[in-house]
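To start, the structure under review is shown below, and the notes come after it.
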Amino acid sequence: MTAQQPTEAMMPRSYPPEFRRKVLDLVASGRKVAEVAQLLGISDQTIYVWRRQHLIGTGKLPGTNSADQSELAAARKRIAELEAELAIHRRAAELLGEVTSPEGGSRSSA
């Protein structure tokens, strides 16, 4: 059995910020989310997510705004990279410790 190739229907679409703003403006003007979603061919759930993000970004709902989310994701990625580097250095130090003796610990020739 082979794995399915991702189809366009399975991949999330990315919309430009101007488009998102216009969609939210339509909803804010009193149009129903389902109506706007059908009119523009997008998921009503997508509009709800955009509206929630907008409310968080404007401070009307508690949460982490998109800019902070991006910064947090970048920081977590960098932390993971640094932890991996540290693990490599620790393992190298262990291996070198087994091969060589520390300074001043040379064997005397008896």
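- We find the CZ-CD distance between R90 and E83 to be 9.5 Å, quoted to the nearest 0.5 Å.
- To the nearest 0.5 Å, atoms CD1 (I56) and CG (L61) are separated by 6.0 Å.
- Contact check on R91 versus E94 returns a salt bridge, with a Lys/Arg side-chain nitrogen under 4.0 Å from an Asp/Glu carboxylate oxygen.
- Residues A37 and S43 share a closest heavy-atom pair of CB-C, 4.0 Å.
- Summarising the geometry, atom CD belonging to E35 is positioned 12.5 Å from atom CG belonging to D44; distances are rounded to the nearest 0.5 Å.
- In this structure, NE2 on H54 lies 4.5 Å from CZ on R21, to the nearest 0.5 angstrom.
- Taking both residues in full, the closest heavy atoms of I42 and Y15 are given as CG2-OH, 3.1 Å, listed atom of the first, atom of the second, then distance.
- The two atoms that bring L55 and T58 nearest to each other are O-OG1, 3.2 Å, heavy atoms only.
- A distance of 8.0 Å separates CG of L24 from CD1 of I47, quoted to the nearest 0.5 Å.
- Between L96 atom CG and H89 atom NE2 the span is 11.5 Å, to the nearest 0.5 Å.
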Verdict with reasoning, F19 to L40, per side chain to side chain contact (heavy atoms under 4.5 Å, CB included): CA-CA 10 Å; F19 178 76; L40 299 173; 4.1 Å; yes
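- Atom CD of Q69 is surrounded by more than 12 heavy atoms from other residues, nucleotides or ligands within 6.0 Å.
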